[in-house]
Peer 1: 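Pasting a structure here, questions to come.
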Amino acid sequence: MPTFPGNIRSASRGSCVSEPTLAAALDSGKVAGAWMDTFGEEPYAGLLTRYENVLLTPHVGSNTAESRVDMEREAVENLLAGLAKAGMR
């Protein structure tokens with residue numbers, strides 16, 4: 001039975017995918033393409049930029065209304081907790 005290369009999709013932490021290993025898999029044809037949404041170092045200018053079959057996006061994986069509301073709520077809660085800890089609330 002023939003096998004076909006798959007695609008890698010990652011919106012997790014940048015260090016979860018080894019870029020050199022992914023590049024080797026792309027070069028060998030074991031992986032057909034990839035989408036990466038986070039990187040170990042940003043702004044990203046690494047070796048994956050040379051691949052036309054790799055989509056690199058700047059953290060849009062969490063770009064939903066629900067996610068943004070949750071992040072904003074958590075930021076305000078953290079600010080209020082910090083103010084309370086400093087005796088300013």
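Only a predicted model underlies this, so the values are computations on that prediction, with no experimental measurement involved.
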Peer 1: Does N53 reach the main-chain N or O of A32 with its side chain, forming a donor-acceptor pair under 3.5 Å?
Peer 2: yes
Peer 1: Looking at P58 and D37, what are the two nearest heavy atoms and their distance?
Peer 2: C-OD1, 3.9 Å
Peer 1: What pair of heavy atoms forms the shortest contact from P5 to G29, and how long is it?
Peer 2: CB-O, 3.1 Å
Peer 1: Could you report the tightest heavy-atom contact between E19 and L47, atom names first, then the distance?
Peer 2: O-CD1, 4.1 Å
Peer 1: When hydrophobic residues are tied together by side-chain contacts of less than 4.5 Å, even through go-betweens, does L55 share a cluster with Y44?
Peer 2: no
Peer 1: Under 3.5 Å, which donor-acceptor pairs do the side chains of residues 67-83 form with other protein atoms, sequence neighbours left out?
Peer 2:
{"from": "S67", "atom 1": "OG", "to": "S62", "atom 2": "O", "distance (Å)": "3.1"}
{"from": "D70", "atom 1": "OD1", "to": "R73", "atom 2": "NH1", "distance (Å)": "3.2"}
{"from": "N78", "atom 1": "ND2", "to": "E74", "atom 2": "O", "distance (Å)": "3.3"}

Peer 1: Determine the minimum heavy-atom distance between V31 and N7, stating which atoms define it.
Peer 2: CG1-CA, 4.4 Å
Peer 1: What is the distance from atom CG of L26 to atom CG of L48, rounded to the nearest 0.5 Å?
Peer 2: 7.0 Å
Peer 1: Determine whether L56 and V17 fall in the same hydrophobic cluster, where Ile, Leu, Val, Met, Phe, Trp and Tyr are linked whenever their side-chain heavy atoms lie under 4.5 Å apart.
Peer 2: yes
Peer 1: Where do F39 and T57 come nearest, in terms of heavy atoms and distance?
Peer 2: CE1-O, 3.6 Å
